[in-house]
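None of these values were measured; they are calculated from a predicted model.
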Amino acid sequence: MKNGLEDVIAAETQLSDVDGEAGRLIIRGVSLDHLVADCSYEGVAALLLDGLIEKSFDQAQLRAWLANARTRVFHNVKAADAVLLTLPPVDAMRALIARLPDGEDLDTALSLLAAPAVFLPAILSLQRGERPIAPDASLPQAADILRMLTGQLPSKEQTAALDAYLVTISDHGLNASTFASRVIASTQAGLTSSVLAALSALKGPLHGGAPGPVLDMLDAVGTAENAGQWLGEALDRGERLMGFGHRIYRVRDPRADALKGALKPLISTGQVDPARGALAQAVEAAALAILKARKPNRPLDVNVEFYTALLLEALGFPREAFTGVFAIGRTVGWLAHAREQALDGRLIRPRSVYVGPLPAAA
């Protein structure tokens, strides 16, 4: 028995491989660095879903179907009443996703890929007291998300940065939310049920809810010159440095480098505050030095949260929406795993070890 199922093999998958020792992520036979360099969100979605839905399709077909699906699901936004809008964005988004049919077919999968991309910008607009912006079926998913968020067509650098983010976090082995998706799929419930279970797991602060506090840390540090002292005092108080360390990776998280690279065009074209970028670099360098000195036997390097926070902030997402943006990218992985489990797996039913009291002897 291993508490937390550490190192327990629970599934065979053709979808992704996380090599924590080498710091490598492979998605459907393609390394992350090649995917980010060559692939759009629609491309990685087509790669992950290939062979798992009843139709075969390519990236161009998926882009067209997904654009139509965004238009189709937008009518659900009208169900966002005053009570729903008092919820955190990820909870409001989950409530709207629950309105979708719970099928297993391509239309259901497309609706679920489109829904968080449409619902999150709409919820943010409504919470600001503004009218939500309808999708534009002529745009790819990343560009349309940013247009619905800001009301303006994004720059090519902004679109590329969000595309890189969505590709980078599309799938990542048998993490907590993906395992939740597979558990639900193993019962032969529908894809919507699997996505809702996964989203509920994702919102936990130990899983997908951590990028926002990275910005809180940067705000508290304030200046590059203050980084070393602030971080040292935080460790003295027993606090965790947000954006550093990972359950699986023993070396640097490859997704951190992918997102750091995605930020560079925004920085070089003046679309990111240069002071913010300099502060982040100083905090990264200071944190790595302090962690190496104080915890030499623990491999603590930059993880995906650190540059996720900086990238999403640069694109205009409020920090309370970061978990929802994560869900936009990860839903395709949840769907692929759910379909793989439904097609090839069994009902997931582990056993537990009873450690409670025994009944009194007669």
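- For T159 (side chain) and A142 (main-chain N/O), no donor-acceptor pair under 3.5 Å exists by modelled atom type.
- Going from atom CZ of R255 over to atom CG of N303 covers 7.5 Å, rounded to the nearest 0.5 Å.
- Under the 3.5 Å distance criterion, with hydrogens and angles disregarded, no donor-acceptor pair is assigned to the side chains of T71 and N68.
- A donor-acceptor pair under 3.5 Å links the side-chain atoms of E42 to the main chain of Q141, judged by distance alone.
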Residues S111, R72; criterion side chain to side chain donor-acceptor pair (under 3.5 Å); working and verdict = CA-CA 8 Å; S111 293; R72 186 172 68 241; 2.8 Å; yes
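- A donor-acceptor pair under 3.5 Å is formed between the side chain of R339 and the backbone N or O of L52.
- The line from CG of L110 to CG of L62 is 6.5 Å long, rounded to the nearest 0.5 Å.
- Inter-residue side-chain proximity for Y165 and F326 is flagged as met; some heavy-atom pair is nearer than 4.5 Å.
- Within the 3.5 Å criterion, the main-chain N or O of I26 finds no donor-acceptor partner in the side chain of D17.
- Side chain of Q158 to main chain of S155: a donor-acceptor pair is present (N/O by atom type, distance under 3.5 Å, no hydrogens or angles).
- Closest heavy-atom contact between V18 and G173: CG2-N, 3.8 Å.
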Where do L96 and R99 land on the side chain to side chain contact (heavy atoms under 4.5 Å, CB included) test, with the steps shown first?
-> CA-CA 5 Å; L96 293 181; R99 293 174 51 84; 4.1 Å; yes
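- Note on K55 versus D107: no salt bridge recorded, every NZ/NE/NH1/NH2 to OD/OE distance being 4.0 Å or above.
- If you chain together hydrophobic residues whose side chains sit under 4.5 Å apart, M93 and L85 fall into the same group.
- Side-chain contact between L120 and M148 is absent, with no heavy atoms from C-beta onward closer than 4.5 Å.
- Classified by interplanar angle (parallel below 30°, tilted 30° to 60°, perpendicular above 60°), the ring pair W65/F57 is perpendicular.
- F317 and F322 have their aromatic ring centers separated by at least 6.0 angstrom.
- Heavy-atom minimum distance, L100 versus A115: CD1-CB, 3.7 Å.
- Closest of all the heavy-atom pairs between G151 and I133 is CA-CD1, 3.3 Å.
- Between D91 and K203, at least one side-chain N (NZ, or NE/NH1/NH2) sits under 4.0 Å from a carboxylate O, which counts as a salt bridge.
- Between I27 and S170 there is a side-chain heavy-atom pair separated by less than 4.5 Å.
- Under a hydrophobic clustering in which Ile, Leu, Val, Met, Phe, Trp and Tyr are joined whenever their side-chain heavy atoms come within less than 4.5 Å, directly or via other members, L196 and I184 fall into different clusters.
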Verify side chain to side chain donor-acceptor pair (under 3.5 Å) between R94 and S200, making sure each step is shown before the conclusion.
-> CA-CA 8 Å; R94 180 176 58 178; S200 298; 3.0 Å; yes
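- In this structure, Q59 and S40 have side chains that are in contact, with non-hydrogen atoms separated by less than 4.5 Å.
- The closest side-chain donor-acceptor pair between Q271 and E157 falls under 3.5 angstrom.
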Test side chain to side chain contact (heavy atoms under 4.5 Å, CB included) on L35 and L47 and set out the steps.
-> CA-CA 10 Å; L35 273 180; L47 178 68; 4.0 Å; yes
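- Enclosure of atom CG in L347 by more than 12 non-hydrogen atoms of other residues, nucleotides or ligands within 6.0 angstrom is indicated.
- Residues P135 and R147 share a closest heavy-atom pair of C-NH2, 3.2 Å.
- The salt bridge (charged side-chain N to carboxylate O under 4.0 Å, His left out) test applied to R237 returns E239, not counting sequence neighbours.
- Between K260 and L263 the shortest side-chain heavy-atom distance does not fall below 4.5 Å.
- Taking all atoms of both residues into account, the shortest heavy-atom contact from T331 to A327 is OG1-O, 2.6 Å.
- One hydrophobic cluster, built from ILVMFWY side chains closer than 4.5 Å, cannot hold both L139 and L162; they sit in different ones.
- When all heavy atoms are compared, the tightest approach of S16 to L25 is CB-CD1, 4.5 Å.
- Legend: side chain to side chain donor-acceptor pair (under 3.5 Å) pairs involving residues 178-187, not counting sequence neighbours, sorted by first then second residue: N175-T178, R182-H337, R182-E340, R182-Q341.
- Linking Ile, Leu, Val, Met, Phe, Trp and Tyr whenever their side-chain heavy atoms come within less than 4.5 Å puts L48 and L343 in one cluster.
- A donor-acceptor contact shorter than 3.5 Å is absent between the side chain of Q127 and the backbone of L124.
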Is there a side chain to side chain contact (heavy atoms under 4.5 Å, CB included) between M217 and L231 once you walk through the steps?
-> CA-CA 9 Å; M217 179 179 69; L231 295 169; 4.1 Å; yes
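- In this structure, R70 does not pair ionically with D136, as no charged nitrogen and carboxylate oxygen lie closer than 4.0 Å.
- Classification of D219 and R319 as a salt-bridged pair holds, one side-chain N sitting under 4.0 Å from a carboxylate O.
- With N76 contributing its side chain and V73 its backbone, the two residues share a donor-acceptor pair below 3.5 Å.
- Scored by the salt bridge (charged side-chain N to carboxylate O under 4.0 Å, His left out) test, D163 finds no partners at all (sequence neighbours excluded).
- The main-chain N or O of G261 is never found under 3.5 Å from a side-chain atom of K264 such that the two would form a donor-acceptor pair.
- Side-chain contact between V77 and F119: present, with at least one pair of heavy atoms (C-beta onward) separated by less than 4.5 Å.
- In this model, no donor atom of one side chain and acceptor atom of the other lie less than 3.5 Å apart for S194 and W334.
- In this structure, I290 is a member of the same hydrophobic cluster as M242, with clusters built from ILVMFWY side-chain heavy atoms closer than 4.5 Å.
- Proximity of a side-chain donor or acceptor of E305 to a complementary backbone N or O of P213 within less than 3.5 Å is not detected.
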Worked check of side chain to side chain contact (heavy atoms under 4.5 Å, CB included) between D171 and V332 = CA-CA 8 Å; D171 197 37; V332 66; over 6 Å; no
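- Other residues, nucleotides and ligands contribute more than 12 heavy atoms inside 6.0 Å of the CD atom of E54.
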